[in-house]
Amino acid sequence: MKVIAVSNQKGGCGKTTTAVNLAAALAQSGKRTLLIDLDAQGHATLGTGHNPHNLAMSTYDALTKPDVPLSSVVLRTRIEHLDVSPANILLSGGELELAGLEGREYVLTRKLAATQNRYDICVIDCAPSLSVLTLNALAAASSVLIPVQVHYYAMEGLRQLLDTIDIVRERYNPWLNISGILLTFVERTTLSRQVEEQMRDYFKSLVLKTVIHRNVRLAEAPSAGEPISTYAPESAGARDYAALAQELFDEAQNRTKQECIVNL
């Protein structure tokens, strides 16, 4: 199972929008997909049609109770092949409970191991902070996808996140790859184009070809509890996220082929 952590410590960059809509696009392409809400705000839970305030069990229970498997908290969504491990405000208390545990960085890794054969892909929506929960996501992940708003101030925070990823590789997960930097809230303006060019000049091939344009339908979809692919399937936002899923799939295929060539 491939595990993609969607992470950026800066809020307002389209992180949850990306996690929900990427997971939906992958599921609609036929991949058995699990979306894990690892943010106490529960926005990914809302975005898949579930009320965070009416959960019998959640990601919190799976992470803090050794006898509760991840599979027991997972809920189905309206999208075929897409399940969600939901979250609510209780998850904020999970930070404190995990902090005192030995091997706390690998709790999610152990829980995911038991679901290995049920899903093809797991997408993790991380909180906008470099917390114990985010560290769990990065330790468990095959790769990390970094949404970044096309804005001058975003570059400094991005450098810090890349430094953190290097530390995670050294200490917890040497197999962690960067799926790419995803530019979000892209507009057809001179300023947006200039910032995008600077991002591509500085971060080179780390910046994905696909970008997510600012789109009203994308902003509306969470209020309906739907991903963009069902809320407005003909919208620019739906096309952007379908293109993102395809680019990540193609990149994963190319990486696998290169690894096979090296092993030969």
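Computed from a predicted model, the values in this text were never measured in an experiment.
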**Asked** Checking side chain to side chain contact (heavy atoms under 4.5 Å, CB included) for the pair Tyr60/Leu91: CA distance, chi angles, key distance, verdict?
**Response** CA-CA 5 Å; Tyr60 163 81; Leu91 195 58; 4.1 Å; yes
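- In this structure, OG in Ser229 is found 11.5 Å from CD in Glu234, a value given to the nearest 0.5 Å.
- Taking CG of Leu26 as the start and CG of Leu35 as the end, the distance is 10.5 Å to the nearest 0.5 Å.
- The shortest heavy-atom contact between Thr33 and Ala23 is CG2-O, 3.7 Å.
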**Message:** Apply side chain to side chain contact (heavy atoms under 4.5 Å, CB included) to residues Glu251 and Ser179 and explain how you reach the verdict.
**Reply:** CA-CA 8 Å; Glu251 178 60 30; Ser179 294; over 6 Å; no
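- Taking SG of Cys13 as the start and CD1 of Ile146 as the end, the distance is 10.0 Å to the nearest 0.5 Å.
- When all heavy atoms of Leu130 and Gln9 are compared, the closest pair comes out as CG-CB, 4.0 Å.
- Counting only N and O atoms by type, the side chains of Thr18 and Tyr241 include a donor and acceptor under 3.5 Å apart.
- Checking Ser85 against Thr59 by side-chain atom types alone, a donor-acceptor pair falls below 3.5 Å.
- One distance of note links CD1 of Ile212 with CZ of Arg239; it measures 12.0 Å at 0.5 Å rounding.
- Residue His50 holds its NE2 atom at 4.5 Å from CG of Leu75, rounded to the nearest 0.5 Å.
- Note that NE2 of His53 is 9.0 Å distant from CD1 of Ile89, once rounded to the nearest 0.5 Å.
- Shown here are the side-chain contact (heavy atoms from CB on, under 4.5 Å) partners of Arg193, two or more places apart in sequence or in another chain: Thr190, Glu197.
- In plain terms, the two heavy atoms of Ser7 and Thr134 that are nearest each other are OG-CG2, 3.9 Å.
- Minimum interatomic distance between Ser143 and Lys2 (heavy atoms only, all atoms of both residues): OG-NZ, 3.4 Å.
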